[in-house]
Protein chains: 2
Amino acid sequence: MRPQKVLDEEILIGLTKVFRSKGYEGASLQELAEATGLKKASLYHRFPNGKKEMAAAVLVHLGKWVEENVFQVLSDRNHPPKVRLRTGLFGIKTLYNNGKEVCIFRALSMQAGLALFEEQINKGMKQWIDAFNKIGLELGLSPSEAEKNALQTLVEIQGSLIVTKGLDDLDIFENMLKNIENRYLEA
Amino acid sequence: MRPQKVLDEEILIGLTKVFRSKGYEGASLQELAEATGLKKASLYHRFPNGKKEMAAAVLVHLGKWVEENVFQVLSDRNHPPKVRLRTGLFGIKTLYNNGKEVCIFRALSMQAGLALFEEQINKGMKQWIDAFNKIGLELGLSPSEAEKNALQTLVEIQGSLIVTKGLDDLDIFENMLKNIENRYLEA
DNA sequence: GTCTATAGCTAGATAGAC
DNA sequence: GTCTATCTAGCTATAGAC
């Protein structure tokens, strides 16, 4: 076995960067190869099913990151709910690089005909709502309020990312995260 | 002069449909031609600068629709502010076809390197905020509250469109419009 | 496992007849 | 103004040497 020239982790980071900034259709194999430091044919060796598989791998990779740095943090009973909420929101801030980076769901949801992504996106969003629903309950919200707050939180994160980019103003994302935290703590 | 086989309005409707559902990179000249009922070469006769010009025309066309059916409605002094708010929000509901259609800003903001779109998107978002800021003031909000509410409204519209599509649940968009209205009226 | 080279295709865009 | 036919460039993907 010949040693890998580029580690899997580094490849995924490169792929993520390109898909996030260019979207699925906009990301060319050329760019993906350059961003990973591999030649096109080598990328196909790692991902035999081509571009689709690369994008799917990016979704899984980011999903794992969120699982560790957001969902697990929010549900970690070793810490009080308030601390978990704060830490989880910090994970979200990191995920989107303070609002500079786009949500991968958005980047990959624009191309048609790839039902695989739609399902992963649907599942992913449900996980987000579920995670925030639970922390809301632990913070003393009623079931109906917790549910409402969780949906609202997802909407505000997604919406503020769009508006942050459109108006080129990182404060919008930053402030929205603070508002989300305060709404949970005041309740 | 030979008569136009397809009217400008119809062409724009076809182009809009494709760009909105496929995004900029994902929309092929093939599809754009089919959607408009013209052949590719004929499309180039109408839009000599090609795909870029077609997308720009779509932005202008939708911008005019919003100007008429949202901004002018919100600022029409012939009606009381509450009625205007309700009617403007109904225009927004129509614009996005109850949440089934994507925001054109989102559809066109994913491709890189076309500064033209970025500028139009930035300008468009500022207009939205400005319009909601004014109606907020007329409804008796303080300047700082009106500003906050206007930004929040844009975030919630954009975010709810994303989540509505991701979770395939039109109620999310519908309810968010109601929440927006109530927040203004209760203030 | 990585590479060079290239196949096969479709994209965006044009030429020129009518 | 619309069409058929076509160009060229870029795309995704593969073959096969090392």
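Just so you know, these numbers come straight off a predicted model, no measurement behind them. In what follows, chains carry the letters A, B, and so on, assigned in the order in which the sequence lines appear, proteins first and then strands, with residues in each chain numbered from 1.
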(request) Could you list by number each residue of residues 10-18 of chain B showing a heavy-atom separation from DNA chain D of less than 4.0 Å, or answer none if no residue does? (result) none
(request) Please state how far atom CZ in B:Phe47 lies from atom P in D:dG1, giving the value in whole angstrom units. (result) 12 Å
(message) Does D:dG1 have its OP1 or OP2 closer than 4.0 Å to a side-chain nitrogen or oxygen of B:His45?
(response) yes
(request) Kindly write out the residues that satisfy side-chain hydrogen bond (donor to acceptor under 3.5 Å, both in side chains) with B:Lys123, not counting sequence neighbours, or none if the list is empty. (result) none
(message) The criterion is side-chain contact (heavy atoms from CB on, under 4.5 Å); which residues satisfy it with A:Tyr96, sequence neighbours excluded?
(response) A:Arg20, A:Ile92, A:Cys103, A:Trp128, A:Ile157, A:Gln158, A:Leu161, A:Phe173
(message) Filter on salt bridge (charged side-chain N to carboxylate O under 4.0 Å, His left out), then keep only pairs touching residues 143-159 of chain A, sequence neighbours left out; what's left?
(response) A:Glu156-A:Arg183
(request) Could you check how far CZ of B:Arg46 sits from C1' of C:dT14, rounded to whole Å? (result) 18 Å
(message) In the structure I gave you, are the side-chain heavy atoms of A:Glu181 and A:Lys82 within less than 4.5 Å of one another anywhere?
(response) no
(message) Nearest whole Å is fine: how far is C:dG12 P from B:Lys22 NZ?
(response) 11 Å
(request) List the protein contact pattern of nucleotides 12-18 of chain D with one symbol per nucleotide (5' to 3'): B for base contact, S for sugar-phosphate-only contact, - for none; contact means a heavy-atom distance under 4.0 Å. (result) BBBB---
(request) Verify, without hydrogens or angle tests, whether B:Asp169 (side chain) and B:Thr164 (backbone) share a donor-acceptor contact under 3.5 angstrom. (result) no
(message) Any side-chain N or O of A:Ser42 below 4.0 angstrom from OP1/OP2 of C:dC3?
(response) yes
(request) Could you tell me which residues satisfy side-chain hydrogen bond (donor to acceptor under 3.5 Å, both in side chains) with A:Lys39, sequence neighbours excluded, listed by chain and number? (result) none
(message) Whole angstroms only, please: what is the CD-P distance between B:Glu31 and C:dT10?
(response) 13 Å
